[in-house]
Structures are given as C-alpha cells and as structure tokens.
Amino acid sequence: MTDHSTTHDAEEDIRNRDIKIYVNGEIVHRDAAKVSVYDSGFMLGDGIWEGMRLYGGVWAFFDEHMDRFFGSCKTIAMDVGMDRAGIAEALRQTAAANGMTDDVHCRLMLTRGIKDKPFQHPALSTSGPTLVIIMEHSKPVNRLQSAGISLATVPQVRGLPNSQDPKLNSHSKLNCIIACLQAEAAGADEGLMLDPRGFVNTTNACNFFIVRGGAVWTSTGDYCMNGVTRQKVIDLCRANGIPVFEKNFSLYEAYSADEAFLTGTFGAQTPVATIDGKPIGDGDRPVTARLQTLYKALIADHVAAKTAR
C-alpha cells in the first residue's frame with residue numbers, strides 16, 4: 001500500500017502509550033477506557049464531538065468550540081448533562097491527570113448513551129449521555145510545511161443540509177471516510193470534495209482555501225463544517241488588509257490558483273502542493289506564510305490574555 005500523508009500526521013510520542021482518558025467522570029489508563037457495545041455512538045454514530053488544542057495551558061478558542069458543540073447537541077436534541085463550566089472542569093481534570101500543558105490535542109466526544117435495545121430510536125437511550133475525553137501529546141510533523149499535501153477530487157460530495165447537515169460535527173463520518181478512501185485509491189493524501197452543485201467545497205478532513213492574485217478564497221460554507229480555524233483565518237484576513245471571499249468557485253479556479261492551503265484545529269494551516277496531480281502555483285506561498293505567522297501571533301495573544309486573568 002502506498003504511504004500517504006494526512007493533515008493529522010504527528011510526531012511519535014511514547015508518552016501516549018500511557019495516557020489517561022476521561023469516561024463519564026472517571027479518569028483511567030487508556031487500556032481500561034471502555035464504552036458499552038450498546039452505546040449509541042458505537043452502534044449508530046449518534047453523537048457529537050469537538051477537536052481542541054492546548055497551548056500553554058489554555059484551550060484555544062474554547063468559547064467558539066463550545067458554541068458549536070452545544071449548538072450541535074441542541075440541534076439533535078441530545079442532553080449534554082453539564083454546562084460549559086462542567087466541560088471546562090472535565091478538560092482541566094484530564095489534562096492535570098496527564099501532566100499536559102502544551103502541544104496537546106483533545107477529542108471531546110458525547111453520545112446519546114447506552115441503549116436499552118439495539119435499535120435506532122433515541123428514546124431507547126435512557127441512561128444518559130456518554131462523555132469521553134481523549135488527550136494526546138500531539139505535535140504536527142514539519143515536513144508538510146515544505147512539501148505540502150496532495151489532494152484528489154473525489155466523487156463523494158458534501159450533502160445537503162436537509163439530508164445530514166455537514167455543519168454538524170457528528171460521529172457519523174462515513175461520508176468523509178468514503179471520500180478519504182477514494183482519494184487514497186487515486187494516490188492522493190486527502191480528498192477534495194465538491195458540493196451538490198459541483199463547486200469546490202472542502203476536503204474530507206479540513207476546510208479548503210485558495211489564493212488568487214493576493215486574494216484568499218474559500219467556499220460559501222453552506223455545505224461544510226464551519227471550522228473554528230477557518231473563521232479565524234477569515235477574520236485575520238479582514239483585520240490585516242488581505243482580500244477574502246466566501247464564494248462559489250470551480251476546479252478551474254482551484255487548479256490555476258497561486259496557492260492553496262487547508263485549515264484545521266490540529267494542523268492550523270497546511271499548504272497544498274497538488275490537486276489531481278497538478279502543481280499549485282510555483283511553490284512560493286507568501287500569503288499562506290503570512291497567515292501562518294498571523295495565526296501564531298493570534299494564538300500567543302489569546303493564551304497571554306487568558307493566563308493574565
């Protein structure tokens with residue numbers, strides 16, 4: 001099998017072999033962390049999750065992540081079982097149990113809980129939600145910043161909001177997994193997904209941006225997860241005189257772009273080297289580099305403001 005890079009490639013850290021995981025109020029060694037086979041998340045993908053990153057003891061943009069998390073849970077009528085302060089305390093406890101303060105990635109997962117019977121109806125989940133927090137020592141590899149990532153346009157499209165709204169960060173990720181498999185079969189690292197009308201939308205794992213004539217373009221956001229990092233990049237462009245557009249565009253504009261990059265909580269901004277085997281630009285990425293610098297400064301300011309309180 002061909003080796004592939006992903007935007008979630010991290011440096012190996014042996015400390016992750018002994019991490020402790022939060023499961024419904026208990027913090028246990030990863031080998032002892034279990035959920036029931038009757039859990040609605042395992043059985044049906046009935047759950048919501050968030051990916052967050054710890055910088056200097058501060059969860060970056062916690063409020064924005066919680067806006068999305070609680071909004072998604074409300075949308076699917078799933079009781080979180082605690083408020084934002086409760087989530088923050090669970091995160092604090094888990095980080096403390098692992099001695100973690102920096103270069104940490106967290107996956108916060110909530111499902112509708114254990115079902116009385118192995119069937120679909122949400123009312124069969126009567127025991128309350130299942131909350132799991134996985135934190136890993138996780139630092140992105142450096143090689144992608146110079147080499148970039150390869151994308152392949154895939155036949156799997158992002159769905160309509162009235163089928164399964166892609167703005168929901170749900171456990172039901174099969175749509176994206178199929179896109180990832182299609183990209184791998186095409187020899188690429190990740191899949192570039194189109195929307196139902198054929199416009200460029202997002203990848204199977206990250207939000208997608210191009211740069212043309214010094215201006216930054218991304219999709220309208222109608223058919224993709226509206227990532228926290230995506231919005232921060234848009235805000236940084238607006239605050240620093242970089243033209244930015246949320247608009248429909250086709251593969252023509254993507255193939256002939258000067259630069260392209262992906263955004264996500266883990267990798268921040270990851271350059272794109274090729275799309276469908278076509279090199280993007282001439283290898284020079286001044287706008288991407290500037291946004292990376294601005295984003296690092298934004299994180300530093302955010303951490304400093306939170307720790308000063």
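The aromatic rings of H302 and F61 lie tilted to each other, with the angle between the two planes from 30° to 60°.
For the atom pair CZ (R30) and CD1 (I21), the distance works out to 6.0 Å, reported to the nearest 0.5 Å. Taken to the nearest 0.5 Å, the CG atom of L181 stands 6.5 Å off from the CD atom of E184. Taken from NE2 in H171 to CZ in F42, the straight-line distance is 13.5 Å, to the nearest 0.5 Å. To the nearest 0.5 Å, the span separating CG on N24 from OG on S127 amounts to 8.5 Å. Once rounded to the nearest 0.5 Å, the distance linking CZ of F209 with OG1 of T202 reads 9.5 Å. Here T126 contributes atom OG1 and R112 contributes atom CZ; the two are 12.5 Å apart, rounded to the nearest 0.5 Å.
Checking side-chain atoms of D46 against main-chain N and O of S40 turns up no donor-acceptor pair under 3.5 Å. Side-chain atoms of D282 come within 3.5 Å of backbone atoms of D284 as a donor-acceptor pair (strictly under, hydrogens ignored). The main-chain N or O of G281 is never found under 3.5 Å from a side-chain atom of D258 such that the two would form a donor-acceptor pair. At least one donor-acceptor pair closer than 3.5 Å links the side chain of N175 to the backbone N or O of V157. The backbone N or O of S250 lies less than 3.5 Å from a partner atom in the side chain of E253, making a donor-acceptor pair. With hydrogens and angles disregarded, a donor-acceptor distance shorter than 3.5 Å links the side chain of S172 to the backbone of G45. The backbone N or O of T288 sits less than 3.5 Å from a side-chain atom of E259, completing a donor-acceptor pair. Looking only at distances, a side-chain donor or acceptor of N16 sits under 3.5 Å from a matching main-chain atom of H137. Of the possible donor and acceptor atoms, one in the side chain of Q292 sits under 3.5 Å from a partner among the backbone N and O of Q269. For the pair E190 (side chain) and I149 (backbone), a donor-acceptor distance under 3.5 Å is absent.
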Show, in sequence, the C-alpha distance, side-chain angles and deciding distance for R15 and D13, and conclude whether the salt bridge (Lys or Arg N to Asp or Glu O under 4.0 Å) test is met. CA-CA 5 Å; R15 292 177 294 177; D13 195 317; 2.7 Å; yes

Please test R84 against D67 for salt bridge (Lys or Arg N to Asp or Glu O under 4.0 Å), starting from the C-alpha separation and ending with a verdict. CA-CA 9 Å; R84 293 182 184 217; D67 286 345; 2.5 Å; yes

Evaluate side-chain contact (heavy atoms from CB on, under 4.5 Å) for M52 paired with L91, printing each intermediate quantity in order. CA-CA 10 Å; M52 294 181 289; L91 290 168; 3.7 Å; yes

What verdict does the side-chain contact (heavy atoms from CB on, under 4.5 Å) test give for S219 and R230, after you've listed the backbone C-alpha separation in whole Å, the side-chain angles of each residue and the deciding distance to 0.1 Å? CA-CA 10 Å; S219 74; R230 173 187 186 271; 4.3 Å; yes

side-chain contact (heavy atoms from CB on, under 4.5 Å) for M43 and K115? Distances and angles first, verdict last. CA-CA 9 Å; M43 191 174 288; K115 304 190 80 67; 3.9 Å; yes

Evaluate N201 against L194 for side-chain contact (heavy atoms from CB on, under 4.5 Å), listing each step before the verdict. CA-CA 5 Å; N201 191 254; L194 308 181; 5.7 Å; no

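At most 12 heavy atoms of other shown residues, nucleotides or ligands fall within 6.0 angstrom of atom NZ in K74. By the neighbour-count criterion of 12 heavy atoms within 6.0 Å, atom OH of Y38 is sparsely surrounded, having that number or fewer from other residues, nucleotides or ligands. Within 6.0 Å of the OH atom in Y55, the count of heavy atoms belonging to other residues, nucleotides or ligands exceeds 12. The local environment of CD in E246 is crowded, with over 12 non-hydrogen atoms from other residues, nucleotides or ligands closer than 6.0 Å.
Between A90 and I133, the shortest heavy-atom contact is CB-CD1, 3.7 Å. Across G241 and P243, no two heavy atoms sit closer than the pair O-CD, 3.5 Å. Pairing each heavy atom of A254 with each of V200, the nearest pair is CB-CG2, 4.4 Å. When all heavy atoms of A60 and I299 are compared, the closest pair comes out as CB-CD1, 4.0 Å. Shown here for L44 and F119, the closest heavy-atom pair between the two residues is CD1-O, 3.8 Å. The heavy-atom pair separating A33 from V23 by the smallest distance is CB-CG2, 4.0 Å.
Between S72 and N169, the side chains place no donor N or O within less than 3.5 Å of an acceptor N or O (distance only, hydrogens not considered). If you check the side chains of R53 and S138, you find no donor sitting under 3.5 Å from an acceptor. A donor atom on one side chain and an acceptor atom on the other are found under 3.5 Å apart for H29 and D18.
Placement of V58 and I87 in two distinct hydrophobic clusters is found when ILVMFWY residues are connected by side-chain heavy-atom separations under 4.5 Å, directly or transitively. Linking ILVMFWY side-chain heavy atoms closer than 4.5 Å, directly or via other members, places M66 and M78 in a single hydrophobic cluster. A single hydrophobic cluster is seen to contain both M135 and V132, as judged by linkage of ILVMFWY side chains at heavy-atom distances under 4.5 Å, directly or through other members. Clustering ILVMFWY residues whenever any of their side-chain heavy atoms sit less than 4.5 angstrom apart, transitively, puts V211 in a cluster other than the one holding Y255. Connection of Y22 to F69 is established within a shared hydrophobic cluster, with ILVMFWY side chains joined at heavy-atom distances below 4.5 Å, either directly or through further cluster members.
At least one side-chain heavy atom of L251 sits under 4.5 Å from a side-chain heavy atom of L192. At a threshold of 4.5 Å between non-hydrogen side-chain atoms, the residues M225 and R68 count as touching. The closest side-chain heavy-atom distance from T270 to C206 is not below 4.5 Å. Between V244 and R238 the shortest side-chain heavy-atom distance falls below 4.5 Å. Taking the side chain as every heavy atom from C-beta outward, C106 and W59 approach each other to under 4.5 Å. The closest side-chain heavy-atom distance from Q93 to K20 is not below 4.5 Å. Using a 4.5 Å heavy-atom threshold, the side chains of F208 and L151 count as touching. Two residues are said to be in side-chain contact when any heavy atoms from C-beta on lie closer than 4.5 Å; V233 and T218 fail this criterion.
Screening D165, I48, L168 for a side-chain contact (heavy atoms from CB on, under 4.5 Å) involving T75 leaves a single residue, L168.
Residue pairs that meet the salt bridge (charged side-chain N to carboxylate O under 4.0 Å, His left out) test with at least one member in residues 286-308, sequence neighbours left out, do not exist here.
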